[in-house]
Amino acid sequence: MIRGMIQPVDGQHIRAVADACMMPTYRRQPLVLVRGQGTRVWDDQGRSYLDLVAGIAVASVGHCHPRVVQAIQQQAATLMQVSNLFYTVPQTRLARLLTQLSGLEQVFFCNSGAEANEAAIKLARKATPPGRFEIISALHSFHGRTLASLAATGQVKYHAGFEPLPPGFRHVPFNDLAALEAAVTPQTAAILLEPVQGEGGVHPAALEYLQGVRRLCDERGILLILDEVQTGLGRTGSMFAFQQYGILPDMVTLAKALGGGTAIGALLARRPVAQAFQPGTHASTFGGNPLAAAAALATLEVLVDEDLPGRAAEAGRYFREALAKLAARQPAIREIRGLGLLLAVELAPWPQATQAEAGHGHAPSPVPAESLAPAVVDAARCRGLLINALGPDTLRLVPPLTITPQEIDEAVAILDQALAEVTHRACLPRTV
Ligand SMILES: Cc1ncc(COP(=O)(O)O)c(C=O)c1O
């Protein structure tokens, strides 16, 4: 046996080795996942889970879609990587399909969402006149963890400890056109926005807002970059979220769902903007490699052939209705929001929720409010449902776009039980 290989799968051992050998950058759920199929994943004990995390909005065509698996297997046996010093077939076909689907004429391939935004920021500076370098983005946005994409991210909690960040970034309140207008200066190169703020709590942009931003950009010679890393490729009910706003951005960034589970990112841009990049100005060794490109091409073909954007719109409506019914009898739920199958359940602050739920005179538990959403995540997992918390009060639901009404019913039933358990537990007088 090769030293370092761990077999057979022993979940406890894997967790112990992982915690010892890997940097502690993640707060992982205590689960070792070993297999996935469609909307479900399985742990090392053979237990199955309905997966509404889906690799954080990655497994849009479902886990291990047979066409994606076949494309990867075939490409792996043919050619995996030759660098971008040569032309390759899967990358070329993928680029053409992305341009046809988006209406943006040229593509740069990379390996992640942060890299795609990094490329967009560089292109914005290169494609606008000298002296324009500033990028305006929104408070509560999320654009990645590399230094520039982090500087664009409008959440100080992610900045802490990494200062000084690259200069040239400003943040304004989201969905506030006047604030954006006021922040524009002669140095502004681009405005960078998510059509729906994902990590920031699942907040969709208002129609008039994005349309107003497009107008402002046109009037002031500013580039509009939409970060569709999370919203893109069917998730919100259309292939690209911007298509629901009746606008065409100058650039769009993609990653997450693009590779069907493999790592690939892309920056799409209008041709006149894209032409500011020339040989040598930007590059990536692995960007758009044949293996990831073949997987992405198969993924896009599945999205189109199975009309997954349309199914996401329909399933999103069904899910919201089911959640609204749940909210009507479950006082812990304060709001349901989102677009398509990018959904959030906002929970009421802990004491109110527990008092309302209890209705029998117990004093609210002193359990800190921060633990409400994470407690529901844990209770749901114990019942076979994977979701994740965006902060103390918000649950995010981003299932594969292939999710069926029966699976949605199952998810809502588990959520109901998990909420009941957590709110009930919180109402019990504490003995310690
Ligand atoms: C909108 C958005 N942009 C960028 C990123 C960063 O993507 P990655 O983790 O692939 O670098 C994310 C990740 O969650 C995201 O949601």
Side-chain angles (χ1 to χ4, degrees), residues 23 25-28 52-60 108-124 135-155 157-159 162 165 169 171 174-175 190-205 210 224-236 240-242 245 249 251-268 284 286-289 292 295-296 299 338-344 387-391 394 396-399:
M23 296 194 191
T25 47
Y26 304 104
R27 193 172 292 114
R28 299 177 197 267
L52 273 60
V53 177
I56 315 186
V58 164
S60 288
F108 172 82
F109 287 113
C110 51
N111 311 286
S112 68
E115 279 180 66
N117 286 326
E118 197 80 18
I121 291 162
K122 286 180 74 177
L123 182 58
I135 310 290
I136 305 177
S137 58
L139 291 169
H140 304 297
S141 60
F142 187 85
H143 299 294
R145 305 284 194 150
T146 58
L147 282 174
S149 64
L150 185 62
T153 293
Q155 301 191 58
K157 67 178 181 191
Y158 295 122
H159 296 175
F162 299 112
L165 294 175
F169 294 86
H171 304 106
F174 189 55
N175 269 334
I191 292 169
L192 167 61
L193 295 169
E194 296 158 89
V196 180
Q197 290 192 328
E199 300 303 302
V202 186
H203 296 281
L210 269 198
L224 174 56
I225 308 168
L226 291 186
D227 178 343
E228 294 234 27
V229 167
Q230 191 156 159
T231 57
L233 307 175
R235 167 76 38 204
T236 64
F240 298 92
F242 72 75
Y245 290 85
M251 296 187 223
V252 166
T253 54
L254 297 173
K256 288 198 181 281
L258 180 58
T262 64
I264 183 168
L267 165 64
L268 317 183
S284 165
F286 284 113
N289 65 79
T299 302
L339 200 60
L341 282 175
L342 174 49
L343 294 170
I387 51 179
N388 85 312
L390 296 169
T394 311
R396 174 175 49 186
L397 313 175
V398 279

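When a ligand or atom number is given, it counts from 1 through the structure's own listing order.
Taking the side chain as every heavy atom from C-beta outward, E194 and L226 never approach each other to under 4.5 Å. Side-chain contact between L123 and M251: present, with at least one pair of heavy atoms (C-beta onward) separated by less than 4.5 Å. Side-chain contact between L258 and T299 is absent, with no heavy atoms from C-beta onward closer than 4.5 Å. In this structure the side chain of L193 never reaches within 4.5 angstrom of the side chain of S141, judged on heavy atoms. V202 places none of its side-chain heavy atoms less than 4.5 Å from the side chain of Q197.
No donor-acceptor distance shorter than 3.5 angstrom exists from the side chain of H143 to the backbone of A148, with no hydrogens or angles considered. Of the possible polar contacts, none joining the H203 side chain to the V196 backbone as a donor-acceptor pair under 3.5 Å is found. In this structure, H140 contributes its side chain and G154 its backbone to no donor-acceptor pair below 3.5 Å.
Those atoms of ligand 1 with a heavy atom of H143 less than 4.0 angstrom away are 3 (N), 4 (C). Annotation for ligand 1: atoms under 4.0 Å from non-hydrogen atoms of V229 are 2 (C), 3 (N), 4 (C), 5 (C), 7 (O), 12 (C), 15 (C). Atom numbering of ligand 1 starts at 1 in the shown order; those under 4.0 Å from a heavy atom of N117 are 3 (N), 4 (C). The ligand atoms of ligand 1 that sit less than 4.0 angstrom from a heavy atom of F142 are 1 (C), 2 (C), 3 (N), 5 (C), 6 (C), 12 (C), 13 (C), 14 (O), 15 (C). Near S112, meaning under 4.0 Å from any of its heavy atoms, are these atoms of ligand 1: 10 (O), 11 (O).
Backbone and side-chain nitrogen or oxygen atoms of E194 are examined, and none is located within less than 3.5 angstrom of a nitrogen or oxygen of ligand 1. Backbone and side-chain nitrogen or oxygen atoms of A114 are examined, and one is located within less than 3.5 angstrom of a nitrogen or oxygen of ligand 1. Some N or O of G113 is nearer than 3.5 Å to an N or O of ligand 1, by distance alone. The shortest N/O to N/O separation between Q230 and ligand 1 falls below 3.5 Å.
The shortest heavy-atom distance from K256 to ligand 1 is under 4.0 Å. Assignment of I56 to the shell around ligand 1 is not supported, since no heavy atom sits closer than 4.0 Å.
By the criterion of a heavy-atom distance under 4.0 Å, neither the backbone nor the side chain of E115 is placed next to ligand 1.
The protein heavy-atom contact nearest to atom 3 (N) of ligand 1 is D227 OD2, 2.7 Å.
Of the protein's heavy atoms, none falls inside 4.0 Å of atom 9 (O) of ligand 1.
Relative orientation of the Y158 and F142 rings is perpendicular, given thresholds of 30° and 60° on the angle between their planes.
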